[in-house]
*Asks:* 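Have a look at the structure that comes next, please.
Letters A, B, ... mirror the listed sequences (proteins, then strands); counts begin at 1.
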Amino acid sequence: MKDRSLLVWLLLIALLLLLVINPLARLLWASFEHPETGAFTLGNYAAAYGRWRNVEALINSLVVGLAAAGLCIVFGVPMAWAVSRTDMPGKGLVWAAVLGTFIMPNYLGAVAWILMAGPNAGWLNRIYTGLTGAAAGPFNIYSKAGLVLVIACYSFPYMFVFTRSALDLISSEMEDAASTLGASALRTTLRVTLPLALPAIMGAFIVEFLEAIALFGAPALIALPARFQVMTTMLWQMFEFPPRLQVAAAYSMPLLLITVFLFWLQYRLIARKGFVSLTGKGGERRMVRLGPWRWVLLGYCLFVTSLSFFVPMVVVLQAAFAKAWGRGFGWDNLTLRNLRFVLFDQTATRAATVNTFVYAAAASVIALGLALAIAYIVARRLVPLGRALTYVAMAPFVIPGIVLAIGFYAAYTAKPLVLYGTAWILILAFATRFLPIAYTNSDASLRSINPELEDAARILGGSRVLALRRVVAPLLKRGLAGAFILVFIPATRELSSAIFLYTTGTQVLSVLLFDKSDEGNFEVLASMGLILVVGTVALVLAGFRLVGRDFLLRRTAS
Amino acid sequence: MSRLVLSEVSRRFGSVTAVDRFSLSLAQGEFVSLLGPSGCGKTTTLRMIAGFLPPSAGTIEMDGRTISAPGSTVPPEKRNMSMIFQSYAIWPNMTVAENVAFGLEVRRLPKAEVRARVDKILDVVQMGQLGGRYPQELSGGQQQRVALARAIVVQPAVLLLDEPLSNLDANLREEMRYEIRRLHDEFHITTVYVTHDQAEAMVTSDRIAVMHQGRIEQVDAPRALYARPRTRFVAGFIGRTNFLDGEARGEAIVFDRFEIPRRAFADPEALRGRLSFSLRPQSIVLHRQPPGGAGPAAVVPGAVTQRAYLGEHWDYTVRPAESALALRVTARPHEVFEVGENVWLELDPRQMAPLLPE
Amino acid sequence: MSRLVLSEVSRRFGSVTAVDRFSLSLAQGEFVSLLGPSGCGKTTTLRMIAGFLPPSAGTIEMDGRTISAPGSTVPPEKRNMSMIFQSYAIWPNMTVAENVAFGLEVRRLPKAEVRARVDKILDVVQMGQLGGRYPQELSGGQQQRVALARAIVVQPAVLLLDEPLSNLDANLREEMRYEIRRLHDEFHITTVYVTHDQAEAMVTSDRIAVMHQGRIEQVDAPRALYARPRTRFVAGFIGRTNFLDGEARGEAIVFDRFEIPRRAFADPEALRGRLSFSLRPQSIVLHRQPPGGAGPAAVVPGAVTQRAYLGEHWDYTVRPAESALALRVTARPHEVFEVGENVWLELDPRQMAPLLPE
Amino acid sequence: DGEKALYEAAKKEKELTWYTAHYNSETAAAICQGFEKKYPGVKCNYIRTTAQVAYQRLAQDQKAGIAQASVISSTDQGHYTKMKQDGWLQPYKPKNLTELVDAFRSFNDPDDLFVATAAGLVLITYNTSVVSPSEAPKKWTDLTDPKWKNKVSIGHPGFSGYVGTWVVQMRKLYGWDYFKKLELNKPRIGRSINDTVTMLNAKESIVAAGPSATTLESRAKGNPLAVVYPEDGAVLMVSASGILKNAPAPNAAKLFMEYLLSREGNEVMVQQHQDPVNKHVKPMAGGKSIAEIKTIRPTPAEIEKGIPEVKEQFRETFGI
Ligand SMILES: Nc1ncnc2c1ncn2[C@@H]1O[C@H](COP(=O)(O)OP(=O)(O)OP(=O)(O)O)[C@@H](O)[C@H]1O
Ligand SMILES: Nc1ncnc2c1ncn2[C@@H]1O[C@H](COP(=O)(O)OP(=O)(O)OP(=O)(O)O)[C@@H](O)[C@H]1O
Ligand SMILES: [Mg+2]
Ligand SMILES: [Mg+2]
């Protein structure tokens, strides 16, 4: 007799295939289709990769992606460690700032950075020239380094949240064992604690790398003036008239191989190693006492969040409360008009806000549930060739949104799932697009749980599904809550697929924000950004209260 | 109450063979212990019985139905078993009471009954006060007791226990052992018990299976296993023992510098050629004077070479005169001999168990 | 080699007092065991000594320097101690050899020496073949041996062992115990050993501290503790025992339906009023006939009410004639009595330990 | 009359959907509201996207056989030629065509498949806090003056049809040398023409080839921006709208086309800072009416042929 849950797994796998393969297969098909005749051709690939310019843009993307993901490690990992495992003060503030960073529309961040580090008029440069009398300042945001910085500032929250959820589950005894052998706190952290979080760190690295490749907003603002192209800016041009959709598809498809390669690499690096930190023998988490170093660490956290959040926030605040942001600071330039406009006058905002949050929440729940289930299927080898599902689950992320959107549109206006005009098309598109984030997180988290914790539930008569629901999910709930945010927030600002798929009545905020950024209406944009940041941070912090206590922290520790 | 039959069950991990053609049949309601050195495959066997691991070869049947075979296994949740894990596997996100209540809730018992049964079992494991604690607020032994309570509260058909008492003190262990046996007797739970404590296995089990490198060496009732080990491994593993190598020569069995008449042994006819015997340290009595009375016992002079006081008894090492042997002898606290003292060893040949040749 | 002094150390978790005014002073290179029921505060004490937990009150000194006090503690890595955790806490992402090598690498030993020492210690714990395995590919006992190897390979000044052998079979346990003691003797490592196995504590320790509900009940050398327990708790906890309540009346101590002359006791003058004694089961000898020879022993008639065969010995329960007492008696395998049989109990009053009134 | 009959027929169709790239969402919403107010009972749904997305959506609709949009308003000349070629449009000649600004007439399709309904200008723009009106460039060639080195901002023809048209026009006027000279000033190249507004406000650049509507809207808020109508001609952008052949609401679509050209409709546009196409409607403050100024523009054929060429040349010269 077979496991009854098998049916559930097969259903979920079918859902995964439907959500991911359906649109992707259409793109793959298009990439081999002659634009005019529809006949099979390799010509699109020749057109996409036959030009050095396109290849060069791809190389630029890879370089920028790697550098940005690397910088994210430098930014995110120490902060995650500080918040999760040390007695550093001000954790709430740091966490709020990381959230704020993530919520702040990426366009705002990029513009803020242009204001700060623009070579001609950037504040930093002006301060520098003012202090030194030099003719020009050293900072130039219009450069590859500048782009890397902006992308890293904007995407290190992935690293932070992933790493933190992993670190939250590591019992202090693992560290105790090292420190009693004479290892200093630093060495213990580097040799024991962080390596135990390796799957999460690598997962975040991959997510950030892929995201950096697929990102359009910041590169469009920074790469072009810096006179280099990246893959997404190239792609964008392929949609200009005469559109070369098939070439665009052909240009993106090889990115899937990169995803496959990265996961293969991760698989090799992790190999037989175990990362079980929840052993089933209790275990607790105590905060590492840093002494005076905790102020140093706080300083570092504030430095990073200043780069990513506080300083851009100054720019945003200035613009949000300015009549005309180009006039700079000034009492006579202050107004509440922008905020009022966004909150009360702008007719479309209210419906769009509701839609945005509802769709994003629904998509997050779907993505998270599906991701956890698929990661579980893969981790526990419930079906043969399960590992292949990893690649399927990760595929949607690396395909730039503008191309993927075409796949969605084609997929949901044709059988078997005609959803055109409904909210579901947006929800499923968001869920699919951000599934990889949830998947990576679930995959990493599952490694930290001793499978015997589930076994114990099963031998007592609970099915795997019940074990997943009653044991695994609650154990991971803080991590999953983090993953929820990581899916929810990008879903609220996802533009490329939204603009393709929305219809009357299903408008979302990102489309409205896009208008504002497209026409340089910075005052209103900043106001919307401000409201988003304040509202969402408050919501999320309140939400985390509901998630419940951190069970590895003793209630009665002194 | 279930009949469990393991037939030629093997399990490999890569190139390691953890369990090797393991065959054992448990009667309904039988209590069998698995004994064996660390790493011999006990846990792996339990995990196959529970259905967590499919065997690489062989089958497991329950009540005549095949529940495990290399290709297909009935999932654990369908087996009406219950298991205590060596790692405890208690859920850190649930309180003690919630951990224990889980299995009852899965069985959809009414709330009031769940509460009553949880309270009762927590009292049994002496954790009545700690129901609201989280696992990480418990000591190691308390955690183990939660695992125990969680497994036994559901009264399964088959109970699998993987060293359930290893972290408890002697008194508590005795009480818990008693409780496990009581539950077993009351509900006729077929029980497989893994333990490192031989005394525990001795007092609780109907039969004991001794494992070695994945294979069963001997399955027998506790006394038989102790008194008549069949292999050198079993004899050495179950309790401490002395090995005596000898040879049958005519009417005597000749050992290193002493001999014992053949007819003094329990089964004199079977003794041929080179022989090995196991003789328990407490089956040797030390005397200051040559003991009187004939009897079947053999008496050998010797000298004490080492001694240790172990609280409940003395542990002496005695060398028979001129022999290279070093015999271990257990004596009562008041039987005090000094190192170097000359003694008489009284050996009972009927307690000498002949071993299979290697 | 370090002197360790714990003075009035207490530790509270919320409203629970896990350790309560614990005072103990260890000489340099001393081997002290902590014994006590599950949840009595042993692990908490070790964790305070190691520096993971600050005490709520009291101080811990090492070589005259305060290393733990409520406000300030020297961090664990500065203490040159090493600890085996009840949960093992081996690192799942490192191989066995990497786990063991860690402490040596921290000490910046040359690569070749690290390798040599790791190989050697793995052989000692009989895991020489398994250096390349990851922990999740090991059995429970093998994991525990990794934890043991990792802690002892660094030859610390103070070694803290929290039930390091609980998941090992008897033979292996004995070898490991021997190894721990050998290391201790060779390098004069001050050792605190938590165990539930009294025999283990008996053979390895210089002194044993018996804990109960966070407090120390008695600290003594093993034999003294066994032979002269001072409280009912200690007597009951260390080995099995019989409690005999009596009253001093003139020249006799009167028990339930029998009496023993006062002068037969070890310290006759001290016996006054109501009294309790502890008498070990193996200090009672059963006879079919009233034993001859005078001696100081008291002889009481009785009848066997229960018996159990425990492999190494018989466990009888005997009721002295007309008495309500039920005395447990341990006898050798060949001393076979049937239930109901009339016997003579021979009690040795010098082995009866008077207990402090509660 | 005809309008009445159309209205009656449109009411039966209940609603129409309009794919538009002409304005931002608010303007589109305002126009739809105005239409609904004027013609109660006919609901107006707008899908406001970029021109490329609008076209892709339409293309996918056609491929899947979905009839969703009734009216399409793209900003890309090429789209109309292609749609005409592929037979996606149906002819309609609005009555209100008579009120169209004369300069725009030549953009209408001779077969009435599409007509001009929106207009815009590319002008010289500058930041008034750094550049005084007298210093400001007066004509397009002034942008190549070395004094603007590192201070000019332009868009990229690869990303924006608006910019593409401007580049074609400049090449037509001054040859490609114009851009070679401009490159000596190392202009900041943004993606869309609107990026120049941000650049000017941030003072990262101080002069630009920018759009009229967005620059003036920002100026209206008080930002230190101003426009110059170049002596050698403001580049005129005209965008058309058309009715789809498979329009689910053809009558409502026709009615809507009328509205786009009507006075009411254009007044709504002006309120939203757009340039009007109805000759009776005045432009907003700070701007001039198109009739008052010198405008220049390439022909649709020149645009279509020129844009792919200038994209390549642009890459040659500017390296991206
Ligand atoms: N965080 C906590 N909150 C409340 N009580 C605690 C906490 N940690 C430990 N305790 C209690 O303190 C007592 C001592 O715990 P400790 O772990 O020292 O016991 P132990 O002697 O090691 O027991 P065992 O032999 O079972 O391992 C136990 O009763 C335990 O329940
Ligand atoms: N995943 C694995 N890969 C390789 N070898 C394994 C794996 N799991 C177990 N083994 C090996 O199989 C053998 C049997 O393991 P098992 O856990 O059954 O032993 P055990 O009898 O329970 O031992 P213990 O008394 O120490 O718990 C051991 O030698 C162990 O090293
Ligand atoms: Mg085991
Ligand atoms: Mg403990």
Side-chain angles (χ1 to χ4, degrees), chain A residues 1-6 9 168-169 171-173 272 276-286 380-382 384 448-467 469-479 547-557, chain B residues 14 46-47 49-53 65-67 71-95 98-100 102-108 132-140 142-144 146-147 150-151 153-154 156 158-160 162 167:
Chain A
M1 204 200 77
K2 275 277 167 186
D3 194 334
R4 261 281 219 32
S5 315
L6 196 62
W9 308 133
D168 274 353
L169 290 180
S171 157
S172 286
E173 280 196 349
R272 279 157 61 210
V276 169
S277 42
L278 275 185
T279 56
K281 280 193 175 178
E284 57 151 346
R285 191 165 99 250
R286 280 176 290 113
R380 302 290 179 256
R381 298 179 196 184
L382 298 185
S448 59
I449 296 187
N450 182 351
E452 287 192 348
L453 290 176
E454 295 154 41
D455 289 350
R458 296 181 64 209
I459 195 73
L460 288 172
S463 64
R464 274 196 189 272
V465 178
L466 186 78
R469 193 162 58 76
R470 285 284 309 270
V471 176
V472 179
L475 283 175
L476 297 182
K477 70 180 173 188
R478 293 182 69 83
V547 172
R549 72 182 209 94
D550 186 343
F551 54 79
L552 279 183
L553 291 177
R554 292 194 190 199
R555 290 179 299 181
T556 48
Chain B
L46 282 199
R47 291 175 56 80
I49 298 177
F52 298 130
L53 272 181
R65 197 165 67 107
T66 301
I67 53 171
S72 70
T73 51
V74 174
E77 61 266 29
K78 296 281 164 53
R79 296 185 173 207
N80 194 15
M81 297 181 174
S82 157
M83 176 160 173
I84 298 183
F85 295 82
Q86 204 167 1
S87 71
Y88 310 166
I90 45 179
W91 301 305
N93 56 324
M94 302 187 201
T95 61
E98 286 165 0
N99 263 282
V100 176
F102 184 90
L104 300 174
E105 284 164 6
V106 169
R107 284 166 175 69
R108 296 184 200 289
R133 291 257 191 104
Y134 281 91
Q136 50 282 8
E137 296 162 354
L138 298 177
S139 78
Q142 288 163 343
Q143 290 176 14
Q144 196 167 38
V146 176
R150 184 178 69 180
V153 74
V154 296
V158 177
L159 183 59
L160 307 171
D162 200 351
N167 273 294

*Asks:* To the nearest 0.5 Å, what is the distance between CG (B:Leu159) and CD1 (B:Ile84)?
*Replies:*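 B:Leu159 atom CG to B:Ile84 atom CD1 measures 6.0 Å (nearest 0.5 Å).
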*Asks:* Measure distances from A:Asn450 to the heavy atoms of chain B and classify the residue's part below 4.5 Å as side chain, backbone, both or neither.
*Replies:* side chain
*Asks:* Establish, yes or no, whether the cationic atom of B:Arg150 lies under 6.0 Å from the six-membered ring centre of B:Trp91 and within 45° of the ring axis.
*Replies:*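 Cation-pi check for B:Arg150 and B:Trp91: passes.
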*Asks:* Given B:Met83, which partner from the list B:Ile49, B:Val158, B:Leu46 fulfils the side-chain contact (heavy atoms from CB on, under 4.5 Å) test?
*Replies:* B:Leu46
*Asks:* Apply side-chain hydrogen bond (donor to acceptor under 3.5 Å, both in side chains) to B:Ser87 and list each qualifying residue two or more places apart in sequence or on a separate chain.
*Replies:* A:Glu452
*Asks:* Go through the atoms of A:Ala457 and report whether side chain, backbone, both or neither lie under 4.5 Å from a heavy atom of chain B.
*Replies:*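 It is both, since atoms from each part get that close.
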*Asks:* What part of B:Gln142 is in contact with chain A, defined as an atom under 4.5 angstrom from a non-hydrogen atom: side chain, backbone, both or neither?
*Replies:*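 Looking at B:Gln142, nothing touches chain A.
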*Asks:* For the CD1 atom of B:Ile90 and the OG1 atom of A:Thr279, what is their distance to the nearest 0.5 Å?
*Replies:* 9.0 Å
*Asks:* Which atoms of A:Leu278 come close to chain B, meaning under 4.5 Å heavy atom to heavy atom: side chain ones, backbone ones, both, or neither?
*Replies:* side chain
*Asks:* With a 4.5 angstrom heavy-atom cut-off, which part of A:Leu466 approaches chain B: side chain, backbone, both or neither?
*Replies:*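 The side chain, not the backbone.
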*Asks:* Which atoms of B:Gln144 are under 4.5 Å from chain A, going by heavy atoms: the side chain, the backbone, both sets, or neither?
*Replies:* neither
*Asks:* Does one side chain, of B:Asn167 or B:Tyr88, offer a donor that lies under 3.5 Å from an acceptor on the other?
*Replies:* yes
*Asks:* I need the residue from B:Pro135, B:Ser82, B:Gly51 with the largest number of non-hydrogen atom pairs under 4.5 Å to chain A.
*Replies:* B:Ser82
